Every structure is written in structure tokens, then in C-alpha cells.
> 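Below are the C-alpha cells for one structure; questions will follow.
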There are 2 protein chains.
Amino acid sequence: MTSHDNDAFKPIATVDLAIFSLSPAGLSVLLVRRANAPFSGGWALPGGWIHIDEDADLEAAARRVLKEKTGVETPYLEQLQSTGSRNRDPRGWSISIVYIALLSADDVAERQDALAGEAEWRPIEGEGVGLSLAFDHASLLKEAIGRIRSKVEYSSLPGHLLPVHFTLSELQSVYETLLGRKLDKSAFRKRMAEADFLEPVEGEMRRASNRPAQMFRLKDAQSLALFDRRI
Amino acid sequence: MTSHDNDAFKPIATVDLAIFSLSPAGLSVLLVRRANAPFSGGWALPGGWIHIDEDADLEAAARRVLKEKTGVETPYLEQLQSTGSRNRDPRGWSISIVYIALLSADDVAERQDALAGEAEWRPIEGEGVGLSLAFDHASLLKEAIGRIRSKVEYSSLPGHLLPVHFTLSELQSVYETLLGRKLDKSAFRKRMAEADFLEPVEGEMRRASNRPAQMFRLKDAQSLALFDRRI
DNA sequence: AGTCTTAGTGTAAATCTTCAACTAAGTTAG
DNA sequence: CTAACTTAGTTGAAGATTTACACTAAGACT
């Protein structure tokens, strides 16, 4: 039939991940040092070939890479976009399907030391990490950051970066960090109540030298709640 | 190195398009009849292999397919999502990068008869076309319809389905068709003014047996304007 | 017991929506 | 020639929502 039935005409297919978490410096992304050519020794987003014998589908491939690099199995995971071109990989026409993963602070704390090999959390500054990245990963990361910033405006996204239990003040503070602006407390609480994605953890209170605060958890740790309006 | 340098381990890579336009019956999508196995004779979204010798990148591949099927070169085009799995194509592990294209009514009118081969506009009913489609195309189409319906709420999307010149009343009517509900005239006009994606065509008026209406065009026929709030 | 701090609620003023009426500008019928 | 008709485009009052900020609540610390 056509020449494209021949494997030599197939593009390379990879899955790459922008894995985010909160560090003291704010939103951070996991980068790995490449062991092999091309860009050997350079920083890149974690990723890898699709293993057609092992991965049932694209999302399974993304989860496999995530588990290999972080040990985390059930994060928030969403497909961002795909890029593909003749030039992005010197080895040939290549496609990358990019996923965004959000790790809860608990996941990060547990695996602190167990980070696979040459991996490192880098804080986001502006539209990137102030580092040049392999392939077109700087551009992919920029898109991922844009998507995250955009979704903070109208979704429960920040809830996926906190520990499993948190207070409303802590949640508001994450929204403020990611948005880069202060929010009104009563308006914030009204939105959270309307969006209906939190449930109080009965009896659990955050105690300090002040009035104790009710702790909450996400009703669903895998899905995003969308607001009717911007926050 | 790894076994994946061997082409036999690469997935199949295709680009598929959900091409929409407005017909008298409302939003419609272009379907083609498959000439070859698998699903020979069945309806499918237009698409095809990525030609690594010919296509510079994914979007170029999408534009090539679009031009082959419709003759249109500069539509509104946006990437929807990618699917990929072991099962979706009987020939093997396969990836599809799906694009949404919106054709202006002018484009459709010009090419009415020149539709390539066995292609046909089918009106959208509910979440599909009331027809079973090849591969997982019914599911891809459902996602595309969902994306369109969602974007009508907060973007200039409907403007890309009209002729190049149109009145505000015509635009409002498209919003109403796609949303399935009536909108308030003054609120609608206020949103359009705020979103600032239209410009009046000086001197051009729609004339009928009533007060003439100012005609407008999109400031940018390739990009979408996003509203601050829902319409 | 009083002070301090953060949690959580209440409220008045400002803004935005909704609904519907009103004016504008043409064509058509008589 | 003029009145009736139709759709374009604007205006405004009533109601709903948002915003800004102050207030009350509940604990720890001195």
C-alpha cells in the first residue's frame, strides 16, 4: 500500500511529564539530567519512549514514567498537549505527548530522598526555570505553567498541591502564591463552598497559639472541580 | 541501545480532524467514508498518517489533511487532544492527535461541490452524529463537541463559523444555536464590546425591509478571544 | 484576667445582571 | 406621501452579586 506501512516512516513517540509540587520557594517542577545523547548531561522534563509491549495507552505510559521517577502512583494527571516535528529531536521526526502531574506535599515529603537518580525540584521563576532545557522542553514547560496559572483562576487545582489535610487559610495561601495576588477571605470561602469539592475532616483541627482551624480534604483527589466564575 | 530504536516498536501515528461548520440544521461535522481496511466503507473523521517526509510538524499535517478534504487553507485550527492505545486500531499500537477546525460559512459555500470524494456534512445531534464511526472516532467527536460547547460560553468561537462579514444579530443567533438558549440582546452586545474581537466594516450594512445593521468582521480570523466571564 | 493571633462571619456600598421598554432607521403598503 | 411594520440598537429601574472591611470567636501565652 502506501510507504507509510513501513516502520521506517513512523515518527518517534514519547511521553513527557511536567511534574509540579510546592516547595518553600513556591511552585516547582521536577527535572532530570539526561544520561544519554542527545543533550546528554542536560536538564529535561522526565519522559520516555512509549513501550508498546508494556503500556496499554498513553495515560498508562505517563503513569509509568511518573512512578519510575517519583514512586507516586495516584497523582492528579492531565494531558496538556502534543508537539511533533521534524526538528525537535535530532534522531528524527518525533512526537511528544505532554502530561501535567500535580503531587501533594505529602507525596513529596515521603519520597524526599528516594528521588530516582539525577532528578531535582526546580522552582518556577516567571515562565520557566532559568535553565536551558533539552529538546523543546523549555517551551513545553512554559505551556504547562500557563495552563496551571490559568486553571488556578477557575478550578480546585491548588488543592492538589497541598498535603491531604489542610485548612482553608492554607488553601487560600496557595491560591495567592500561584496567582501572585491577595484574595478576599470571605469571597474565597464563599467560592470554595459553592464549588463543593472540599469536605471537613471531622474532629481534625489545626492547633496553634490562636483559634483552631477546621481541616479539610478533597472529596476527589484525582479530579478537578471547576468554578462558575473566576475566583 | 534500547529495543525502541527499532522501528517495529514505534506506534502508528495519525492526525485526525473534527471539521465543523454551520449548516441550516445547525452545527455540522465533516465525515468521510473509508476506502480501505480497517473499517472499510465506514464513516470516520478525516485524517491520515503523518508523512514524515512531507509534514514539518503536527499542525502542518493537520493543515494538509484539511486542505485535501476541503480545499480550505486558513481556518481556525486548534489541537484538541491525543489518544493512543494498543487497541484503538487493529493494525497495532496507534496514536491519534486530534485537531478541531472551524470553517467559515463562506469557505463552505465556495467549496460546496468540490468536497473531496466520499465526504459529507452531518449535523450534530446531542453528543454525536447518530451514526457509528470507525476506530474511537465517536468518542473523539464527543470530546470535540464538548470542547466547542464549552468554549461558546466564554470565547469568540462562534465568530469563526459565520461568513467573513456579519451583523451582531447574526452572531448572537449563532451563540444561541450553539448554546441552545436565548441571550439578552444588551448583555450580549456589552460582552462583545468588552471582548474587543470585532471591528465594524466601514460603510457595509446589512439591508432588508427594516433598519439596516452594521456589519462586522473578526479582528483576527485565526485566533480566539476569551471573555472574562461567561456570556 | 488580659493580650495576642488567626479563624470565621456579617454588612453596607458599589457594581453588575436582568428584563423590558424605548427610540432609530429603513422598507413596504395604501 | 404617510402610516404601518420590522429589526437595530440604547436606556434604565429593580434585583442580585461582589467587594472591602470591620466585627466576633476561640484558642495560647504572659
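Computation of the quantities below employed the complete heavy-atom set of this structure, encompassing side-chain atoms and omitting hydrogens, waters and symmetry-equivalent molecules. Remember, it's a predicted structure, so these values are computed and weren't measured experimentally. Numbers restart at 1 for each chain; the letters A, B, ... are given by sequence-line order, proteins then strands.
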> Assign the ring pair A:H160 / A:Y76 to parallel, tilted or perpendicular, where the plane angle (0 to 90°) is split at 30° and 60°.
tilted
> Among the candidates D:dG27, D:dT10, D:dT18, find the nucleotide nearest to the side-chain atoms of A:R207.
D:dG27
> Any residue in residues 170-187 of chain B with a heavy atom nearer than 4.0 angstrom to DNA chain D? Just list them by number, or reply none.
B:K185, B:S186
> Figure out the CG/P separation between A:D228 and D:dT17, and round it to whole Å.
11 Å
> Around atom NZ of B:K219, are there more than 12 heavy atoms of other residues, nucleotides or ligands at under 6.0 Å?
yes
> For the backbone of A:S169 and the side chain of A:S173, can you confirm whether one donor and one acceptor N or O come within less than 3.5 Å of each other?
no
> If the threshold is 4.0 Å, N to carboxylate O, is there a salt bridge linking A:R88 and B:D57?
no
> For B:E73, enumerate each residue passing the salt bridge (Lys or Arg N to Asp or Glu O under 4.0 Å) test, keeping only those at least two apart in sequence or located in another chain.
B:K67
> For A:P123 and A:S28, work out which heavy atoms get closest and say how close.
CA-OG, 3.5 Å
> Is the closest side-chain heavy-atom distance between B:V72 and B:I19 below 4.5 Å?
no
> So does B:E143 pair up with B:R147, basic N to acidic O under 4.0 Å?
no
> In a table with atom names and distances, give each donor-acceptor pair under 3.5 Å that connects a side chain of residues 203-213 of chain B to protein atoms at least two apart or in another chain.
unit_1, atom_1, unit_2, atom_2, d
B:R206, NE, B:E170, OE2, 2.7
B:R206, NH2, B:E170, OE1, 3.2
B:R206, NH2, B:E170, OE2, 2.8

> Where each pair must be Watson-Crick or G-U wobble with both distances under 3.5 Å, what dot-bracket representation of DNA chain C is obtained, with crossing pairs in [ ] and other-strand partners as |?
||||||||||||||||||||||||||||||
> Which whole-number value in Å describes the distance from A:R189 CZ to D:dT19 P?
17 Å
> Heavy atoms only, 4.0 Å cut-off, all strands: where does B:R191 land among base, sugar-phosphate and nothing?
sugar-phosphate
> Closest-nucleotide mapping onto DNA chain D: is A:I231 or A:A208 further toward the 5' terminus? I mean the 5' end.
A:I231
> Flag yes if more than 12 heavy atoms outside A:K142 fall under 6.0 Å of its NZ atom; otherwise flag no.
no
> Could you list, one pair per line, each protein nitrogen or oxygen that sits under 3.5 Å from a nitrogen or oxygen of nucleotides 5-7 of chain D, together with the distance?
unit_1, atom_1, unit_2, atom_2, d
D:dT7, O4', B:N210, ND2, 2.7

> Expressed as a whole number of angstroms, how long is the span from A:R206:CZ to D:dG27:P?
16 Å
> Using the closest heavy atom to pick a nucleotide of DNA chain C for each, name whichever of A:T167 or B:P212 lands nearer the 5' end.
A:T167
> Decide salt bridge (Lys or Arg N to Asp or Glu O under 4.0 Å) for A:E153 and A:R191; before the verdict, give the C-alpha distance in whole Å, the side-chain angles of both, and the deciding distance to 0.1 Å.
CA-CA 11 Å; A:E153 291 278 359; A:R191 277 277 185 288; over 6 Å; no
> Is it the case that A:S139 and A:D136 place a side-chain donor and acceptor less than 3.5 Å from each other?
no
> Please indicate whether A:E194 has more than 12 foreign heavy atoms, meaning atoms of other residues, nucleotides or ligands, lying under 6.0 Å from its CD.
yes
> Going 5' to 3' along DNA chain C, between which two nucleotides do contacts with chain B fall, using a heavy-atom cut-off of 4.0 Å?
C:dT17 to C:dT28
